[in-house]
Number of protein chains: 2
Amino acid sequence: MSEATVSRVLNGVGPVKEDTRKRVMEAAQQLNYVPSALAQRFALRKSGNLGVILPFLPKVNLFSTYYFSEVLSGIGITAKQRGYDLLLLFREPDEPKDYVNLFRTQKVDGCIILGAQDVPSERAVLDELQQGQYPFCLINQRFDGKTFNTVDADHRMGSFEAVKHLANQGCKRILFLNGPSVYSNSLDRLEGYRQGLAEMKLPYDSSMVLVGNYSRKSGYNLSEAIAWLIKEGRIDAVIAANDRMAIGLLQGLRELGLQVGKDVALMGCDDSDGARLTDPPLSSIQVPFYEVGCMAASNLLDVIAESEHRSFEIKLPVKVVVRASSAAENFSEA
Amino acid sequence: MSEATVSRVLNGVGPVKEDTRKRVMEAAQQLNYVPSALAQRFALRKSGNLGVILPFLPKVNLFSTYYFSEVLSGIGITAKQRGYDLLLLFREPDEPKDYVNLFRTQKVDGCIILGAQDVPSERAVLDELQQGQYPFCLINQRFDGKTFNTVDADHRMGSFEAVKHLANQGCKRILFLNGPSVYSNSLDRLEGYRQGLAEMKLPYDSSMVLVGNYSRKSGYNLSEAIAWLIKEGRIDAVIAANDRMAIGLLQGLRELGLQVGKDVALMGCDDSDGARLTDPPLSSIQVPFYEVGCMAASNLLDVIAESEHRSFEIKLPVKVVVRASSAAENFSEA
DNA sequence: TTGAAAGCGCTAACAC
DNA sequence: GTGTTAGCGCTTTCAA
C-alpha cells in the first residue's frame with residue numbers, strides 16, 4: 001500500500017475504495033500511527049496556527065484579566081472547532097512590534113490583535129500587514145480612516161443607554177470618567193454619553209468629563225475631586241468608562257464618607273467579575289466578550305479559508321445591567 | 001554562495017569566514033529574507049512549541065481568571081526568552097484528554113498542564129505521558145505516589161500561617177472552608193490548617209471543616225450555616241481555601257446581618273484581585289503565581305534542552321496578607 | 001572554510 | 001482507484 005493512499009485515506013480526500021480505506025485505518029490503529037502535523041503543515045505551507053497578540057501588561061493590569069480570559073476562550077474554542085491551533089504571543093515593552101514577520105516566518109496563518117492603540121507606530125505596522133495581504137483582525141479597536149478587520153462592541157450605544165437609565169432614575173447631572181483616547185472605545189463611549197445627554201435634555205459642559213487610565217488607582221485618585229463635586233451638588237451621577245475605575249472611585253468615595261447608590265449613582269462598563277463584588281454591587285454595561293472572540297476567530301478563519309479579500313467590521317450589542325449602585329429606590333434624589 | 005553557508009550564518013553555527021558572514025547578512029537584509037520557522041522546525045523535527053493545557057472552564061468560572069493570567073504570563077515570557085512559542089490548548093468537557101497525541105503529532109515539544117485533577121482518568125493519561133518520556137509539568141497539583149514534574153506553592157504552610165495569624169488576633173475557634181479533594185491544594189491546605197491548630201493549641205473537630213467547590217456561589221450558599229455557627233458562638237473565624245469562596249461567604253454573611261472583620265474574622269487564599277475589592281478588604285494568602293509559571297516553563301525547557309530524565313518538584317513560598325477582614329482592632333473578640 | 005547532496009514526513013500532480 | 005515521483009525549505013553530514 002502506497003504512501004499516497006494512506007494520505008488520501010487519513011485526509012478523506014480523493015477517491016478511495018471502501019475496502020482499502022478500512023485496511024488503512026486498521027493498520028494505522030495497529031501501528032498506533034498518527035501523522036506529523038509538523039510535516040503536514042510544512043508540505044502544505046500552512047502553519048495551522050492562529051496567532052493572538054496580547055498587549056504588554058505591566059504589574060498593575062490596566063486591562064482586566066476578565067476581558068482577556070473571555071475573549072481568549074471565544075477565540076480558542078472557535079479556532080479549535082475549525083482545526084486551528086492558538087499561538088499566544090506576548091508583547092514586551094521595548095521590542096518592536098514586527099507583526100509581519102510572524103507571517104513571513106510562517107508561524108501563523110492569521111492573527112488577532114488585542115489591546116491595540118491608535119498611535120502612529122501601531123498604525124504603521126497594521127498598514128504594513130494590510131499591504132502584505134496578511135489576514136488579521138483587531139478586537140475592540142477601530143482606526144479612523146482605515147478599513148481593518150474589526151470586531152467591536154457597540155460602546156457608543158452602551159453609554160447612550162447608561163445615560164438614559166440614569167436619567168430615568170432621576171439623575172440630572174452626570175459626570176463621565178473616560179479612559180485614554182488612544183483607545184477607540186473611549187471615544188465611542190464619550191460620543192454615546194453626549195448623545196445620551198442630548199436625548200434626555202440634560203446639561204453638558206466640558207468640566208463634566210474627567211479622564212483616567214482605566215486602572216483602579218486612577219479612579220481612586222479622582223475620588224477627592226469627584227466627592228467635592230457631589231457635595232457641592234454639581235453632579236449626582238457618574239459613569240466610568242470601565243469597571244476598574246468605577247470600583248476605585250467607589251472605594252475612594254466611601255473613604256470620604258459618601259455612599260454610592262445613595263449620595264451618587266455610579267455605573268461602570270464591561271460588567272466584569274468585580275462589579276458583583278463591590279458594596280453596593282456596581283451597575284455596568286455588559287459586553288459579550290466571549291462572543292467577540294468567537295466572531296473575530298470565525299470571520300478571520302473564513303477570510304483565510306476563502307483567501308478572498310473581503311473585509312469585515314462587526315459591532316456587537318451591549319446591555320445595561322442595573323445593580324444597587326444606580327437603583328432609584330436607593331438614592332436621595334429619586 | 002550555497003544554501004548551507006547561509007544556514008550556518010543565520011544560525012551562527014560552524015566555522016564561517018567573517019567576510020562571508022557579512023555578505024550573507026547584507027544579502028538577507030536586501031532581499032528581506034527571513035527563514036521559514038515551519039521548514040526549520042520540520043528539518044529539526046522539533047515543533048518549537050510549548051503547549052499549555054487549560055482545564056475546561058464552564059460559564060461560571062471555578063478557577064479565577066486571575067490565577068490563569070498570572071501563570072500564563074509567567075510561562076509566556078519565559079518561553080519567549082528561550083525561543084519557544086506558546087501553544088494554548090483548551091480542553092472541552094466531553095473530549096478525551098489525549099495529551100500524548102500532542103507530542104506524537106509533533107505539535108509541542110513539552111507541555112504544562114493547568115488545573116489537573118487527581119482522578120483515575122487523569123492519572124492514566126499522565127502515566128502514559130511519563131512512560132512515553134514526553135516532557136511535561138503540572139502546575140499546582142501533585143499526585144501522591146507519582147513523581148511527575150510539578151511546580152506548586154506551599155499551600156500547607158499558607159494555611160498554617162493563616163491559623164497562627166488568626167490565633168494571634170485572638171481567635172479561638174477557626175472554621176475551615178475547603179475545596180474538593182481532587183485538588184492536592186485542598187489536602188495541603190487542610191493539613192496546614194490542622195497543624196496550625198495543633199501548634200496554637202486550638203480545638204479541632206471534624207464539624208469545623210466544610211467543603212465548597214471553589215466557586216463564589218458555594219461560599220455564598222454556606223453562609224447561612226456559617227452565620228448560625230457564629231451567632232451560637234461556636235466559631236469566631238473562617239479560613240476559606242480560596243478568595244472566591246471567601247468573597248461569596250462575605251456577601252452572604254453581610255446579607256444575614258453579620259459584619260465580617262467584627263463579628264467574625266475571615267481569610268481567603270490566593271490574594272486575587274477580588275480580595276482588594278470587598279468591604280472590608282479580605283485578608284488572604286499571597287501565592288506567587290507569576291513565578292510559578294516562570295519556574296514551570298524554565299525547568300521544563302531545561303529538561304527538554306538537556307533531554308535528560310531529571311525530574312523536579314518545586315514548592316514556592318507563600319505569604320499572609322493581612323487586611324481588615326481579619327485585623328484584631330476591628331473585631332469584638334480581641 | 002565552503003559546497004554538494006541527502007533527507008526530514010508529508011501532499012499532490014500525474015501516470016497507470 | 002491506486003502507485004510513482006517530485007517537491008515543500010530547511011539542516012547536516014561528508015567531501016573538497
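Chain letters run A, B, ... following the sequence lines, proteins first and then strands; every chain starts at 1. Model, not experiment: these values are computed from the prediction.
Per the geometry, CG belonging to A:Leu10 stands 13 Å off C1' belonging to C:dG9, to the nearest Å. Here C:dT2 presents its P atom at 12 Å from CZ of B:Arg21, a figure rounded to the nearest Å.
Interatomic distance, B:Leu54 CG to B:Ile113 CD1, rounded to the nearest 0.5 Å: 11.0 Å.
B:Tyr84 approaches B:Leu50 most closely through the heavy-atom pair CD2-N, 4.1 Å.
No hydrogens or angles considered: a donor-acceptor pair under 3.5 Å links the side chains of A:Thr65 and B:Thr65.
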**OP:** Summarise how protein sits on nucleotides 4-16 of chain D as a single string, 5' to 3': B when a protein heavy atom is under 4.0 Å from the base, S for sugar-phosphate-only contact, - for no contact.
**Re:** B---BBBBB----
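Using a 4.0 Å cut-off between charged nitrogen and carboxylate oxygen, A:Arg82 and A:Asp302 count as a salt-bridge pair. Taking the charged nitrogens against the carboxylate oxygens, A:Glu18 and A:Arg21 do have a contact shorter than 4.0 Å, which makes a salt bridge. Salt bridge status for B:Glu122 with B:Arg91: present, with a side-chain N to carboxylate O gap under 4.0 Å.
Using cut-offs of 30° and 60° on the angle between ring planes, the pair A:Phe289 and A:Tyr66 is perpendicular.
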Subject >> Step-by-step side chain to side chain donor-acceptor pair (under 3.5 Å) determination, A:Thr150 to A:Glu313 >> reply: CA-CA 5 Å; A:Thr150 306; A:Glu313 259 184 82; 4.9 Å; no
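For C:dT1, the OP1/OP2 oxygens have no side-chain nitrogen or oxygen of B:Thr20 closer than 4.0 Å.
Taken over five-pair windows at either terminus, the axes of the helix from C:dT1-D:dA16 to C:dC16-D:dG1 are inclined to one another by 40° (rounded to 10 degrees).
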